[in-house]
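In what follows, chains are A, B, ... by sequence order, proteins preceding strands, each numbered from 1.
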Amino acid sequence: MHLFLQQVFSGLASGAIYASLALALVMIYRATDLVNFAQGEMAMFSTYIAWMLVNAAVPFWAAFALTLIVSFIGGMVIERVVVRPVENAPVLAAVVVTIGLLLIFNALAGWLFTYTLQEFPSPFPDRPLFGALMTTRDLGVIAVTLIMLALLFAFFRFTATGLAMRAAAQNPASARLCGIRVGRMLAIGWGLAAAIGATAGIMVAPILFLDPEMMSGVLLYAFTGALLGGITSPVGAVIGGLIVGVTENLVGTYLIASQLKLTVALILIVIVLAFRPNGLFGTAIVRRV
Amino acid sequence: MAPILHLHAVKAFYGAFEALHGIDVAVEDGGMTVLLGANGAGKTTTLRAVCGMVRSEGAIVFAGEALQRRSTEEIAAMGVAHVPEGRGTFVGLTVEENLRLGGYTRASKPHDAMARMYGYFPILADRRRQQAGALSGGEQQMLAIARALMMAPRLLVLDEPSFGLAPRVVEAIFAIIDRIRREQRVSVLLVEQNASLALELADHAYLIETGYVVASGSAKALADDPQIRRSYLGY
Amino acid sequence: MNDGTAAIASEKLAVGGEARLRIGAWRRFAIAALIVLAAALPFGLSNYQVFELTQVMIYAIAVLGLNILTGYNGQISLGHGGFFAAGGYTAAVLMHRYGVPYWATLPPAALVGFALGLLFGLPALRFEGPYLALVTLAMAVATPQTLKYFSWTGGQQGLNLAKPAPPPGLGIDRDRWLYLFVLVILLVAIRVAANLLNGRTGRAWMAIRDHPIAAAAMGVDTPRYKTLAFGTSTLFTAVAGALAAIVVGFVAPESFSLFLSISFLVGSAVGGIATIGGAIVGGFFIEFVPNFANDISDAAPWAIYGLAMLLFMYAMPRGVVGSLGPLAAWLRGRLRPAVAAGEISAASNNASSPQQTSQGRLE
Ligand SMILES: Nc1ncnc2c1ncn2[C@@H]1O[C@H](COP(=O)(O)OP(=O)(O)OP(=O)(O)O)[C@@H](O)[C@H]1O
Ligand SMILES: [Mg+2]
């Protein structure tokens, strides 16, 4: 039982990271019907920025904040420059653009920072808590994620810009008629998604070590979490991410302890989806005819 | 009185297809102009041209400023509030959020305006926390008009506000439009299938057929025109 | 008077018919010339270039399979590398363990591909859009890991195959023989695909893609046709996988990574998903662009590859053939205004109507 709870808690910590990235995916999907396959690599690149800052002796939390700002701006620029040309193109063209972006970031990171694993400092000490049920580090990761999510939900619920972003995602034509600049909202959405991804990257780097491939597995889990929750539901994305994190850990502990755990976790989730094809909290995808 | 909105020789296009072939339409400041015409005549397209939602040629002048080459967002911010065909409410957001969005371009706090809207449409006050998608058709139309008025517009553009509503509801909505128009000094450009009702309220009317203005004049003159009576008023 | 108009009309018809015939003949001639050229090509190239072109054709068959599914039936797949692997391993195991001659492995590979596709297509019926993407992605991720697990697949090391010898007495070497062998299969694949797509089945697939509700209302058996599209698609891709195993003489789990699946999708998009010719363009893209990228920059070749993907999508969002096709039709119309006028106005309508674009957004 102790082992089980231990695994659940450490699963929640990695699940919180998946949840963040899943949320980033959902935000962009809701606004543009597009799965941003580059989300993970963008987060990885952000993490390298944080890594450089920390190496330049910037205090951890200052580096964290700076990285979020840089990522936010970077995300906006990517939307305006890279994604905008395919805004009205067939979805597959946009998907291919995000795949291209994935390759570019990955290669660029490999070229600039090499493919060797880098240690990344954790802001949280690694001490056991509650009779070794969890560590302070896990708790820290979960806390940071929860704070970020709370801020985000408050932003969308209570600010005019947040509301305008939701309106623009839901009905761009009507949003324009209200005087909302839909293009700018999209850019802000990408900026926020990039900043959320950066948080996920910085939280996961001390665990996985930093290298250009660091986020590829995380992206897969996040994508799975987003879909499990329902790709149109932000709350679903968070819960889905957490479920994926815990499932992955339990599969690794009890079923199979190798690289196959990714496969097994995926298959389990696909089976769940077979019974709930729109995810746990999603609404049916309406095909636009 | 100078017109607040003036379209001069306006053509409009969907891709290569020309839907309007050079029309002239005017709305007096504080006045109400109605566009009549059969299905597919180009009424909606005229409204879309005003709001920059279709590609157009010719001159469109609103309050002394040219509207061409401006984006829909800018035109909205200049004081043109458009309630589109099919209402265009944000069905996934609450009634109150819809109204807040109407006030998006206003610098001041929207609370007073919102209270005024709840005064005009008390039913919306009761439903303020409900999703707009859960409202009835008539309630959604009221919400759409209230959202447009939240923008404190100088020109209200309405595309078939009576569509799909029971006659009693239609009359109620038009009564409120008339009242608002007087109280808030908004000019109105209206597209309406219910010609007799529209001609009663409006001061000017245009008859559009296949992309041309085929008749225009004071609402009263058009209402008395025998041919229009036969085709559009049915008596 | 009635008779007169009828006579004129029938005359017009006759003229139109003749002109169409002439175009048909021209087209046939052009195609025949292209085939002859393709068959003669390897004799003027180096061994390595011949090998590369053989790979292009193999990828083209795989992408053609994907186009049937994604382009013509509207179902996305990020997992076709898995079916490519299934075909490859079927051929490899048959050759390696049972001594089956290489050419005889194609029908079983096709069968395995078809059967797996049907099996996969059934649950896939429940999924749409990103959900289908995830399910197929899971398949792509699972494939190499699963292949490593078994001993009859050669585990981590994979299987080495003897490269097939050309038929004696033909007087050509192995590489050129394999090139011709693959060319024949490609031509057969194109022919079969064209027949299917132009026939009842193809019309049903496209109806389901464009108007799923109307198609169902009109009595199209949607589940059956969607599953069939899956099976047909994976049949093509599995045959391509078998050819790859034969030509490369080697299969290993790592050759069938997620990246391969994604390459197929990219090749499909670059060529034009709802086209047959686009598959060949896609094959060229998958085979050659990474090499070009390497030549341009050995520091970050994949960045160049990614950039190429971006540029292609900006320039031709409907893919090379998908975007140039209407242009070609327009040009043809310029040359023969009387005949093709109808066809062109239809094409330009397609390109400009906003309704059309919103509907074709998945394409
Ligand atoms: N999105 C569009 N794409 C292409 N053509 C369009 C589009 N919308 C309208 N049209 C065409 O433009 C012409 C005018 O249409 P419009 O919608 O302005 O008519 P309307 O007068 O508003 O008719 P209704 O009373 O039915 O609303 C019609 O021929 C119509 O087919
Ligand atoms: Mg209309």
Distance in Å, B/Leu93 CG paired with A/Gln170 CD, rounded so as to fall on 0.5 Å steps: 4.5 Å
Out of curiosity, A/Cys178 SG to B/Met151 CE, how far, rounded to the nearest 0.5 Å?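 Those atoms lie 6.0 Å apart.
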Do B/Thr89 and A/Ser174 have side chains that approach each other closer than 4.5 Å (heavy atoms only, starting at C-beta)? no
Mind running side chain to side chain contact (heavy atoms under 4.5 Å, CB included) on A/Arg176 and B/Ser71 for me, showing each step along the way? CA-CA 9 Å; A/Arg176 286 199 181 88; B/Ser71 65; over 6 Å; no
Between A/Ala175 and B/Phe90, which heavy-atom pair has the shortest distance, and what is it? N-CZ, 3.6 Å
Grab the two heavy atoms, one from B/Arg100 and one from A/Phe158, that are nearest each other, plus how far apart they are.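 Reported closest heavy-atom pair: NH2-O, 3.6 Å.
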Among A/Thr161, A/Leu177, A/Asn171, single out the residue with the greatest number of heavy-atom pairs under 4.5 Å to chain B.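 The residue among A/Thr161, A/Leu177, A/Asn171 with the greatest pair count is A/Leu177.
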Got a sec: does the [atom1] of [X] have more than 12 other heavy atoms crowding it under 6.0 Å?
X: B/Phe163; atom1: CZ; answer: no
X: A/Arg181; atom1: CZ; answer: no
X: B/His21; atom1: NE2; answer: yes

Spell out the residues in residues 46-57 of chain B that have some non-hydrogen atom less than 4.5 Å away from a non-hydrogen atom of chain A, in order of number; otherwise answer 'none'. B/Cys51, B/Met53
Greatest number of non-hydrogen atom pairs under 4.5 angstrom with chain A, of B/Thr72, B/Leu101, B/Val80, falls to B/Leu101
Is any NZ, NE, NH1 or NH2 atom of the basic residue among A/Arg184 and B/Glu73 found under 4.0 Å from an Asp or Glu carboxylate oxygen of the other?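 Between B/Glu73 and A/Arg184 there is no salt bridge, as every charged N stays at least 4.0 Å from the carboxylate O atoms.
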